[in-house]
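Take a look at the structure below.
Side chains included, hydrogens not; waters and symmetry mates left out as well; all remaining heavy atoms used.
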Protein chains: 2
Amino acid sequence: MPRPTSVPVDGGPASCFDHEVLAAVLQVRQAQVHVLLWRRARPPHAGRWALPGGRLGAREDLEASISRQLAEKVDVRDLSHLEQLETLGAPHRMPTGRTLATTYLGLVPGDVEPAVPDDTRWQPADDLPRMAFDHAAIVEAARRRLRSKLSYTNLGFALAPARFTMSELATYYRAALGHEVDATNLQRILVRRQQIEATGERIGSGPAGGRPASVFRFRSPTLQVTDAFAVLHPPAR
Amino acid sequence: MPRPTSVPVDGGPASCFDHEVLAAVLQVRQAQVHVLLWRRARPPHAGRWALPGGRLGAREDLEASISRQLAEKVDVRDLSHLEQLETLGAPHRMPTGRTLATTYLGLVPGDVEPAVPDDTRWQPADDLPRMAFDHAAIVEAARRRLRSKLSYTNLGFALAPARFTMSELATYYRAALGHEVDATNLQRILVRRQQIEATGERIGSGPAGGRPASVFRFRSPTLQVTDAFAVLHPPAR
DNA sequence: CGGGGTTATCGCCTAGTAGGCGAAAACCAT
DNA sequence: ATGGTTTTCGCCTACTAGGCGATAACCCCG
C-alpha cells in the first residue's frame, strides 16, 4: 500500500491540481488509421509531437473543453464521435509540474478533410514519431477502444461517410481492426444486427468496370450497443 | 458549441482545480448487490449518504489515493478488483465550489466481511437512500460496468469466494446481472471459456440433503477478456 | 434398509451467429 | 460478343448459448 505523503484526512488544507484535456482524434485515410498531431513549439519537449488539447477552463465542462480546444487550435469541428477515455494522474507524467489529464477518443468520418493549421498533421497511427510526455500511450488506448467498440456497437457510423458501399466500409473496418475483413461477411453481420440498410441506390464501379455496388447507410448516427452479445442472456428472450 | 468563459489560449494564467477520488465498492450479500456508503457528518448535504473517497493527495497517484482512502476511512483493504470509471467535471456538481471527481469501481468477494466503522454501512444497491451530490449516478455507472464486464471477461473471480459451487456462483451472477441465471448453463459457458475449473473436491449439501456439489475455482485472479467474443474475428483462427 | 425428497450433473436437443467459398450477376473495355 | 472485374447471392460448416428431461448422489425418516 503506497502512502506517498502525509495527506489531510478530510477538509484539510486545500490542494489543487493543474488539469488538461487531450484528444486522440482518429480518421481512416487511405486505408490506414491516422491520428491528428500537433507539433510543440516550446519546451518542454519542443519539437516533439503532441496530442491536441490544453488546460481546462475555470468554469468549463470537460467535454466542452476538449471540443472547444479542437475547434480553436486545430480547426476540427465535425467530430462524428467523442468519448472519454482514462484520466491519467501519475505525479510525474509531465516534467513541468503535476498535471492531471483527462483523455478523449475523437473520430472523424473518412470523407471529410478538416483544414488543419501548419503545425498540425495527420500521422499514420502505426508509425508514430517521437511523442511528447505520455501521449503515445494515449493513442494506443484510443485505438484499443475503437477496436473493441467496433465489435459490439454500431460505432462504424463514426468512421464511414454517410453513404458507402460495402467494399468501402470493409476498408474502414480493416484499417481500424488491423486484420482482414470480408465485405460479404461484414454486410451479413451488420444487416442482421440492423445497424445498416441499403438505400436502394447503386453506384457505378471504378474505371476497371465490375458490377455496380449497392449504397448503404447506418440506421442510427448515435452509439448503440449490440445487446445480442451480452452473452449471459436473460432467459426466454 | 459552448464557449462558457474566456480561457487563456495556452500557457496563460494558471488555474487549478480541486480533485477528489470516489469509489463505488460493490459486494453481493444475501443474493443482492450492496454498495458501501458513508454518512456525511458535516454540511453540505449533512446526513445524506455518500461514496467513500476524498481529496487527492498532492503527490499521490489516482489509484493509490482511492486505495488509501478506502483503507483509512472505511477499513476496506481486500478489494478483489479496482478499476477507473468516468471522471466527472460538471462545474456545479458540488455546491462548495468546483471539484473534479475521478470515480472507481471496487469489488469485494462475497465471503469476506470487512469491519466497517459506525458511520459506514452496506446498502442494497436497488434501494439507495437520498445520496449526496451526484453519487447515485456513480453507483449506477458502477453497476452497469460490472454487468457488462461479467459478460465478456472473467470478472466473476472478483465477486465470488476463492472456492465455490456452481449454485453459489449462479447466485452471485444472478444478483449482479439482475436476471435469472441457470447454474448448468453457467457452468458450461465458464468451463468452455476456460475461466473456471473443478478442484476435485465435493462439498456436502445443506440440511435438506441433495447430491453433494463439486467445488470450482477461477483459473486466473486477474482480469482477462474473452476474445472469442470480439465478434468481428480475424479470419482463420 | 428401503423409499421419498432434494440437489447436482449429464446428455441431447434447438436456435442463433460467424465465417468460408464457389457460382452467378452486372458492369466496363476492347 | 468476349474477357476482365467487382459485387452479390446462396449454401455450407463450425461454434456458442440456452432449454429441459433423465440420471446420479446425497439426506432423512420410518
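- For dT7(D), neither phosphate oxygen OP1 nor OP2 lies less than 4.0 angstrom from any side-chain nitrogen or oxygen of Gln187(A).
- With rounding to whole Å, Tyr173(A) atom OH is found 16 Å from dG19(C) atom C1'.
- Atom CD in Gln195(B) sits roughly 10 Å away from atom P in dA17(D) (whole-Å rounding).
- For the atom pair Thr120(B) OG1 and Gln123(B) CD, the distance stands at 12.5 Å (nearest 0.5 Å).
- Rounded to a whole Å, the CG atom of Asn185(A) is 11 Å from the C1' atom of dC21(C).
- Under a 4.0 Å N-O distance rule, the pair Arg29(A)/Glu113(A) qualifies as a salt bridge.
- A salt bridge links Arg93(B) with Asp134(B): the closest approach of a Lys/Arg side-chain nitrogen to an acidic carboxylate oxygen falls below 4.0 angstrom.
- Taking atom CD on Glu168(A) and atom P on dT8(D), their separation rounds to 11 Å, with Å as the unit.
- The nearest whole Å value for the distance from the CZ atom in Phe216(B) to the P atom in dA8(C) is 12 Å.
- Spacing between atom CG of Leu186(B) and atom P of dG19(D) amounts to 12 Å, rounded to whole angstrom units.
- For the atom pair CZ (Arg130(B)) and CH2 (Trp49(B)), the distance works out to 15.0 Å, reported to the nearest 0.5 Å.
- Ring-plane geometry between Phe164(A) and Phe216(A) is classed as parallel, the angle between the planes falling under 30 degrees on a 0 to 90 degree scale with a further cut at 60.
- Contact annotation for Ser167(B): backbone-only contact, meaning every heavy-atom pair under 4.0 Å involves sugar-phosphate atoms and none involves a base.
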For nucleotides 24-26 of chain C, give me every protein contact, N/O to N/O, under 3.5 Å, one pair per line with atom names.
residue : atom : partner   : partner atom : Å
dA25(C) : N3   : Arg211(A) : NH1          : 3.3
dA26(C) : N3   : Arg211(A) : N            : 3.4

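- For Asp126(A) and Arg143(A), the salt-bridge test passes: some basic side-chain N is under 4.0 Å from an acidic carboxylate O.
- Atom CD1 of Ile203(B) and atom P of dC27(D) are 13 Å apart (whole Å).
- Rounded to an integer number of Å, the gap from CZ of Arg192(B) to P of dG11(C) is 15 Å.
- Contact check, Arg188(A) against dG20(C): no side-chain N or O comes under 4.0 Å of OP1 or OP2.
- The main-chain N or O of Ala158(A) is found under 3.5 Å from a side-chain atom of Ser80(A) such that the two form a donor-acceptor pair.
- Between Arg193(B) and dA17(D) there is a side-chain polar atom (N or O) within less than 4.0 angstrom of OP1 or OP2.
- Residue contacts for Thr165(A): at a heavy-atom cut-off of 4.0 Å it reaches no nucleic acid atom on any strand shown.
- Under 4.0 angstrom from either OP1 or OP2 of dC21(C) there lies no side-chain N or O belonging to Thr184(A).
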